[in-house]
Amino acid sequence: MKKNIFIILFLTFLSFLSAENLIVGIYENKPLTYKENGEYKGLAIDLLNEIAKKENWHLTYQYDTFPNLIEKIKNNEINILIDLGKTKDRELFIKYPSQPFFTNWGIIYSKNNNIDSLLDLKNKKIAVLKNDIYYTHENGIKNLSKKMNLNIEFHEYNSYDEVLKAVKDNLCDAGVVNRIFNNSYNLHKTPIVFLPIEVYYGFSKNTKDDIINKIDYYLNKWKNEEDSIYFSLMKKYLYNEKFIIPEWINKFLYFSSIVIITLFITSLIFYILFIKATKKSKGKNEELEAYNNELASMNEELEESYANIEDMNFKLIKLTKIMSKLKFSSTFEEFYNELLRTAIFLIPEADYGSIIFIDSKKNQWKFLSAYGHNSEMLKNITYAAGHTPTKEKIKIIDNIVENERIEMNNESYKILREASKPIKQTMIYEIKLKENQWINFCLDIDINSEKTFSEESKEIFEIFANLARAFWIEKLSYEYIKDTYLNLANKLASIAEEYDDITGKHIYRVAEFSKFIAEKLHLDKKLIDDIYTYSPLHDIGKLFIDKSILLKEGSLNKNEWEEMKKHTLYGAKILDDPYFIIAKNIALYHHEKYNGEGYPYGLKGNEIPIEAQIVALADVYDALRSDRSYKKGFSHEIAVEIILKGDERTKPEFFNPEILNIFENFHYEFKEIYNNFNKDNGTF
């Protein structure tokens with residue numbers, strides 16, 4: 001027994017000696033890295049801890065300001081600095097892995113809603129984090145201000161929190177932080193977004209390359225697995241919006257508790273008086289009976305108060321749970337419908353509802369969603385209305401459809417009557433999204449109902465609508481950034497295609513083919529839309545391939561072919577962002593083969609994401625049909641024969657059998673799609 005214990009202790013000691021001891025510098029940058037209640041937390045820290053557990057590393061954390069940690073890693077006093085952008089200056093004393101763990105960008109906060117562009121920063125005082133990449137980078141705010149002659153007075157601080165506090169305390173007009181840093185000062189987020197960067201773990205020059213390679217291995221692996229710890233932590237730290245109960249609700253619950261306690265004590269006093277009165281005199285029956293009645297009445301009030309508070313608590317908890325499930329990645333239609341269903345669930349009197357977008361500048365309304373009514377018919381109404389909101393408010397209108405007759409033309413009003421269920425009463429919250437843009441959130445009571453909207457329902461509706469407004473604005477920002485990123489990526493893809501696509505239509509034809517296949521596979525609607533949207537980016541990595549290789553006439557030699565194959569890896573790097581996982585999968589895996597003979601990783605079967613399997617066949621068909629610098633395009637019939645029977649370069653085994661079967665059954669539709677894109681060129 002003693003011998004076994006000795007062996008265990010000895011092995012433990014050896015394990016301790018073999019473990020890598022790493023000193024990790026962290027600073028306050030919530031939610032990526034921060035210190036809370038003596039514990040080190042954050043997306044970057046939890047990821048590193050997971051890797052350390054698997055590799056038997058022993059991590060010692062040093063918490064300091066960002067400027068101090070930059071000096072420490074420069075002097076090799078720490079091994080790793082968490083959450084770091086890459087610059088040429090930093091690469092002189094910091095080693096970076098090839099895999100970033102996050103993509104971030106700079107934003108600007110102001111105390112007042114008076115800054116809409118960089119030009120508004122002229123002659124202003126701007127708070128910045130010392131040595132921050134968004135401050136010192138060649139495209140950071142400091143150099144941008146010089147190029148634009150903005151004459152900005154920069155004030156350097158040691159943390160993002162100090163930056164925002166300086167703005168809050170009117171020491172500076174605005175502050176620069178990263179896009180996800182926690183704004184706890186209720187400052188205004190300006191529309192200014194700049195310098196998208198990849199965020200890494202930075203290593204001191206004396207750190208072993210093997211450690212850095214392990215970081216690369218796990219990040220690359222996890223980022224390509226949708227159910228990995230990477231995406232679990234992303235959801236935990238970045239997509240889990242928390243609902244904050246408004247202060248007036250807290251006060252309501254507080255004062256309600258005081259009332260309840262007071263009523264209870266008063267009841268107890270009356271009860272004691274009742275007992276005393278009974279003992280003193282039986283002749284005071286009438287007085288005692290009065291006390292008893294009052295006590296019963298107070299008990300009823302007490303029970304009612306409890307019931308009201310319990311009901312309010314239930315609704316707030318339910319509201320929190322429902323709102324936490326709303327996703328920025330949902331389509332706008334899904335988003336609107338979920339908001340509407342939630343509101344109708346929370347308001348007991350509501351039977352139906354609708355959401356209407358109002359452009360007060362153009363004086364136009366448009367239905368975005370409806371519940372109970374005929375949503376598709378209502379969406380066909382776009383009409384100029386007599387009333388446009390001027391300030392946010394809740395109002396209640398009886399027989400709203402009849403009231404709209406005055407403001408609508410006959411055709412629109414006829415559609416409204418046919419599409420709407422009979423309505424007795426409507427509660428409307430007019431919500432301002434931004435200048436000239438409003439949302440009318442409408443809840444309806446059926447004509448046959450005996451209910452009317454209560455004051456409590458108005459209060460609940462106001463809470464929900466304000467919460468929805470905040471979420472709505474973030475959703476619009478999310479979509480704007482996503483569209484901007486996608487537009488840029490599409491432009492880059494078009495540039496890449498210009499090198500080896502004579503007609504310039506290859507990426508769009510591949511998108512149409514891919515959408516057709518995805519629909520025949522009966523995939524989820526959102527996935528079909530994503531495949532259609534992102535398939536044009538499949539060859540974006542060709543931007544990094546030398547033109548001489550792309551435009552070479554004839555076959556590539558071995559070295560040239562190996563370089564050409566790297567376009568999949570380059571494309572994945574360009575699209576390495578959680579928002580664009582479908583796009584990344586397509587770019588990285590569309591040359592993988594179903595039988596395992598593809599590149600870059602030789603994946604087989606359903607190891608290959610379905611979106612990449614779809615684009616693989618679409619890309620091959622279009623490549624066979626199209627002219628290239630090294631070949632003339634084949635006819636549709638020859639292309640079909642090659643895909644279904646194979647030749648020296650293409651085999652049927654390369655493709656998912658189900659996708660291949662769709663192509664075999666519907667290949668004439670592929671021909672039609674191809675010809676529609678090439679009518680001007682006379683291609684048949």
Side-chain angles (χ1 to χ4, degrees), residues 19-87 90 93-97 100-102 104 106 127-136 155-166 168 175-185 197-208 211-212 214-215 218-219 229-230 233-234 236-238 240:
E20 291 285 355
N21 293 300
L22 302 172
I23 302 173
V24 183
I26 67 169
Y27 63 101
E28 196 69 20
N29 188 13
K30 193 172 186 178
L32 299 182
T33 163
Y34 61 99
K35 185 177 181 181
E36 185 176 85
N37 299 325
E39 294 183 14
Y40 302 115
K41 300 180 179 180
L43 169 64
I45 292 174
D46 286 4
L47 270 177
L48 187 60
N49 284 338
E50 287 293 325
I51 297 172
K53 278 193 290 187
K54 292 181 178 295
E55 295 299 320
N56 194 30
W57 296 343
H58 180 260
L59 306 179
T60 302
Y61 288 106
Q62 280 194 14
Y63 182 80
D64 208 336
T65 64
F66 181 74
N68 287 346
L69 291 172
I70 285 287
E71 291 301 314
K72 285 184 178 181
I73 198 168
K74 191 174 186 178
N75 298 326
N76 293 315
E77 296 175 29
I78 58 175
N79 302 105
I80 305 174
L81 176 50
I82 283 183
D83 185 14
L84 195 65
K86 186 188 293 186
T87 66
R90 290 177 183 175
F93 58 90
I94 294 175
K95 293 197 289 188
Y96 290 87
F101 71 85
F102 190 63
N104 216 343
V128 293
L129 173 63
K130 185 179 180 182
N131 293 331
D132 186 28
I133 194 166
Y134 303 111
Y135 174 43
T136 61
H155 292 248
E156 298 180 355
Y157 293 91
N158 287 321
S159 70
Y160 280 147
D161 189 68
E162 290 180 15
V163 167
L164 296 182
K165 189 173 186 302
K168 180 70 173 179
V176 177
V177 298
N178 69 58
R179 60 157 170 138
I180 60 169
F181 184 73
N182 183 31
N183 170 23
S184 58
Y185 294 98
I197 61 163
E198 294 176 325
V199 183
Y200 298 83
Y201 295 101
F203 297 85
S204 61
K205 287 293 185 180
N206 61 5
T207 305
K208 298 176 184 176
I211 292 172
I212 301 174
K214 290 294 184 183
I215 296 285
Y218 285 107
L219 286 179
I229 185 65
Y230 177 83
L233 292 173
M234 290 287 285
K236 173 182 176 182
Y237 284 105
L238 298 179
N240 187 17

Trainee: Are any of the side-chain heavy atoms of Val163 and Phe181 separated by less than 4.5 Å?
Mentor: no
Trainee: How many angstroms lie between atom CD of Glu71 and atom CG of Asn131, to the nearest 0.5 angstrom?
Mentor: 7.0 Å
Trainee: A cation-pi test, strictly: NZ or CZ of Lys35 under 6.0 Å from the centre of the six-membered ring of Tyr63 and no more than 45 degrees from its axis. Yes or no?
Mentor: yes
Trainee: Is it true that atom NZ of Lys168 has more than 12 heavy atoms of other residues, nucleotides or ligands lying nearer than 6.0 Å?
Mentor: yes
Trainee: Any side-chain heavy atom of Tyr135 sitting closer than 4.5 Å to one from Glu156?
Mentor: yes
Trainee: When rounded to the nearest 0.5 angstrom, what is the spacing between CD in Glu20 and CD1 in Ile211?
Mentor: 4.0 Å
Trainee: So how far is it from Glu28 CD to Thr33 OG1, rounded to the nearest 0.5 Å?
Mentor: 7.5 Å
Trainee: Report yes if the side chains of Ile212 and Pro97 come closer than 4.5 Å at any heavy-atom pair, otherwise no.
Mentor: yes
Trainee: Thinking salt bridges, do Glu50 and Lys53 make one under a 4.0 Å N-O criterion?
Mentor: yes
Trainee: Is there a side-chain contact between Ile94 and Tyr200, using heavy atoms and a 4.5 Å cut-off?
Mentor: no
Trainee: Is any side-chain heavy atom of Leu43 closer than 4.5 Å to a side-chain heavy atom of Leu47?
Mentor: yes
Trainee: Show the nearest heavy-atom pair for residues Asn178 and Tyr160, with the distance to one decimal.
Mentor: ND2-CE1, 3.2 Å
Trainee: Ignoring hydrogens and angles, write down the donor-acceptor pairs under 3.5 Å from the side chains of residues 76-87, residues two or more places apart or on other chains.
Mentor:
from: Asn79; atom 1: OD1; to: Ile23; atom 2: N; distance (Å): 2.7
from: Asp83; atom 1: OD2; to: Tyr27; atom 2: OH; distance (Å): 3.1
from: Asp83; atom 1: OD2; to: Asn29; atom 2: ND2; distance (Å): 2.3
from: Thr87; atom 1: OG1; to: Arg90; atom 2: N; distance (Å): 3.1

Trainee: Would you say that Ile229 contacts Tyr218 through its side chain, given a criterion of any heavy-atom pair below 4.5 Å between the two side chains?
Mentor: no
Trainee: Inspect the surroundings of NZ in Lys130 and state if more than 12 heavy atoms from other residues, nucleotides or ligands are less than 6.0 Å away.
Mentor: no
Trainee: For Asp161 and Ser159, which I'm curious about, is there any donor-acceptor pair between the side chains at under 3.5 Å?
Mentor: no
Trainee: State whether the number of non-hydrogen atoms from other residues, nucleotides or ligands found under 6.0 Å of Lys41 atom NZ is greater than 12.
Mentor: yes
Trainee: For atom NZ of Lys205, is the number of surrounding heavy atoms from other residues, nucleotides or ligands below 6.0 Å larger than 12?
Mentor: yes
Trainee: If we only count heavy atoms from C-beta on, is the Ile70 to Phe93 side-chain gap below 4.5 Å?
Mentor: yes
Trainee: Checking side-chain contact (heavy atoms from CB on, under 4.5 Å) for the pair Ile45/Tyr61: CA distance, chi angles, key distance, verdict?
Mentor: CA-CA 10 Å; Ile45 292 174; Tyr61 288 106; 3.6 Å; yes
Trainee: For residues Tyr185 and Leu164, report the shortest heavy-atom separation together with the two atoms involved.
Mentor: CD1-CB, 3.6 Å
Trainee: Looking at every non-hydrogen atom in both residues, tell me the closest pair between Leu59 and Ala52 and how far apart they are.
Mentor: CD1-CB, 3.6 Å
Trainee: Quick one: does Tyr230's side chain have a donor or acceptor within less than 3.5 Å of a partner on Phe101's backbone?
Mentor: yes
Trainee: Output the distance between atom CG (Leu22) and atom OG1 (Thr60), rounded to the nearest 0.5 Å.
Mentor: 8.5 Å
Trainee: Can you name the closest pair of heavy atoms from Gly106 and Tyr134 and give their distance?
Mentor: N-CE2, 3.2 Å
Trainee: Could you measure the distance from the CD1 atom of Ile215 to the CZ atom of Phe203? Nearest 0.5 Å is fine.
Mentor: 4.5 Å
Trainee: Indicate yes or no: at least one non-hydrogen side-chain atom of Trp57 is less than 4.5 angstrom from one of Ile51.
Mentor: yes
